[in-house]
Protein chains: 2
Amino acid sequence: MKCSANSRSAPASSVAVEDYLERILELIDSKGYARVVDIAAGLKISQASVTNMVQRLDTDGLLKYEKYRGLVLTPAGETVARSITRRHQLLTDFLSLLGLDARVVEHDVEGMEHHISPPTVRAIESLTRLLRRRPALRAQLTK
Amino acid sequence: MKCSANSRSAPASSVAVEDYLERILELIDSKGYARVVDIAAGLKISQASVTNMVQRLDTDGLLKYEKYRGLVLTPAGETVARSITRRHQLLTDFLSLLGLDARVVEHDVEGMEHHISPPTVRAIESLTRLLRRRPALRAQLTK
DNA sequence: AATAAAAGTTAGCTGAGCCTAACTTGATTA
DNA sequence: TAATCAAGTTAGGCTCAGCTAACTTTTATT
């Protein structure tokens, strides 16, 4: 067969989907629930766009959504959300260790986090540990 | 004023625009010219899509395009193209030094290259030099 | 020079993901 | 409890960047 592994699944979570799930997980972890209005504010998009996407994420089995009532992540959705969150945290740690400005870090991480595959995540984790373990290395980075 | 620096410019080169310019530069550097059919093959999209985009890039001042005749990059286009090419090369070198498989490197670089800003480029260059200079460090990365 | 093949273009369509405006639902409070 | 206001939803529209099918132009072959 042409398609990989699971025959009836969502179309390999796009950048937008990952951004939504990441934000939703963060809201749930911090406030206990995720409202449309907060997701919209967090992603700096309109509430209408959020409603739309949330309906699609429900259809795709990434969350359970009840009109006007609220939403919860499904295990599948939480897996994606945790994965992107981990990549976000890792890249933030890594770039920060290189001495980059927090604003640059945030901006670049937001772009990069959607594009690193598991082996690369592991390799950067390894490198990050090394840089932490041996602060002297960091001193050699200037210029 | 609200918009930055130059009032009448292209909309801050999207991922797609960067992909086109990168491919065009590579074709010009290797064969001396860039044909629609080769750009299409390189990016794995239809010739029609290339024609469309090339017209837009002309409008945006990133290349000079003459129907049926061919195209050349403008200085502005070449600047963008060289910048993305540099980022591509740098990320490829960097991830390869971490011991990642060539296919993974290629895939991830293609995603990441559009999202690293100049300070991050410089920081990763610095780190890459360090890893090259001290091969023993690389040995400590496994696990 | 005629014709066949390759390259390039146009027209029209699609889907993702955003928007605004107008409407509905639910929560708050007078 | 009724009115108000915040939150949520729907409808319709836009841009970007891709597609196919049909057509035109250029190049190559005979």
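Note on naming: letters A, B, ... go to the chains in the order of the sequence lines (proteins, then strands), and numbering restarts at 1 for each one.
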Please give, in whole Å, the distance from [N] [atom2] to [X] [atom1]?
{"X": "A/I45", "N": "C/dT20", "atom1": "CD1", "atom2": "C1'", "result": "14 Å"}
{"X": "B/H114", "N": "D/dC16", "atom1": "NE2", "atom2": "C1'", "result": "15 Å"}
{"X": "B/R56", "N": "D/dC16", "atom1": "CZ", "atom2": "P", "result": "6 Å"}
{"X": "A/Y68", "N": "C/dT24", "atom1": "OH", "atom2": "C1'", "result": "5 Å"}
{"X": "A/M53", "N": "C/dG15", "atom1": "CE", "atom2": "C1'", "result": "12 Å"}

Report yes or no: does B/S49 contribute a side-chain atom to a donor-acceptor pair with the main-chain N or O of B/I45 at less than 3.5 Å? no
Tell me whether the OP1 or OP2 atom of [N] has a side-chain N or O from [X] closer than 4.0 Å.
{"X": "A/Q55", "N": "D/dT10", "result": "yes"}
{"X": "A/K67", "N": "D/dT10", "result": "yes"}
{"X": "B/R69", "N": "D/dT26", "result": "yes"}
{"X": "B/S14", "N": "D/dC16", "result": "no"}
{"X": "A/S46", "N": "C/dC19", "result": "yes"}
{"X": "B/S49", "N": "D/dA17", "result": "no"}
{"X": "B/T51", "N": "C/dT9", "result": "yes"}
{"X": "B/Y33", "N": "C/dA7", "result": "no"}

Where the side chain of [X] is defined as all heavy atoms beyond and including C-beta, which of [options] is the nearest nucleotide?
{"X": "B/Q47", "options": "C/dT9, D/dT10, C/dC18", "answer": "C/dT9"}
{"X": "A/V37", "options": "D/dG18, D/dG8, C/dG17", "answer": "D/dG8"}
{"X": "A/A16", "options": "D/dG18, C/dG17, C/dA7", "answer": "C/dG17"}

Using heavy atoms to find the nearest nucleotide of DNA chain C for A/K44 and B/A48 separately, return the residue whose nucleotide is more 5′. B/A48
Which residue is it: B/E113, B/E110, B/E18? I am looking for the one with a side-chain hydrogen bond (donor to acceptor under 3.5 Å, both in side chains) to B/H88. B/E113
Between A/R86 and A/E125, does a salt bridge (Lys or Arg N to Asp or Glu O under 4.0 Å) hold up when you go through it step by step? CA-CA 10 Å; A/R86 175 184 172 201; A/E125 275 171 347; 2.6 Å; yes
Hydrophobic clusters here meaning ILVMFWY residues chained together by side-chain heavy-atom distances under 4.5 Å, can you tell me if B/V105 and B/L131 are in one? yes
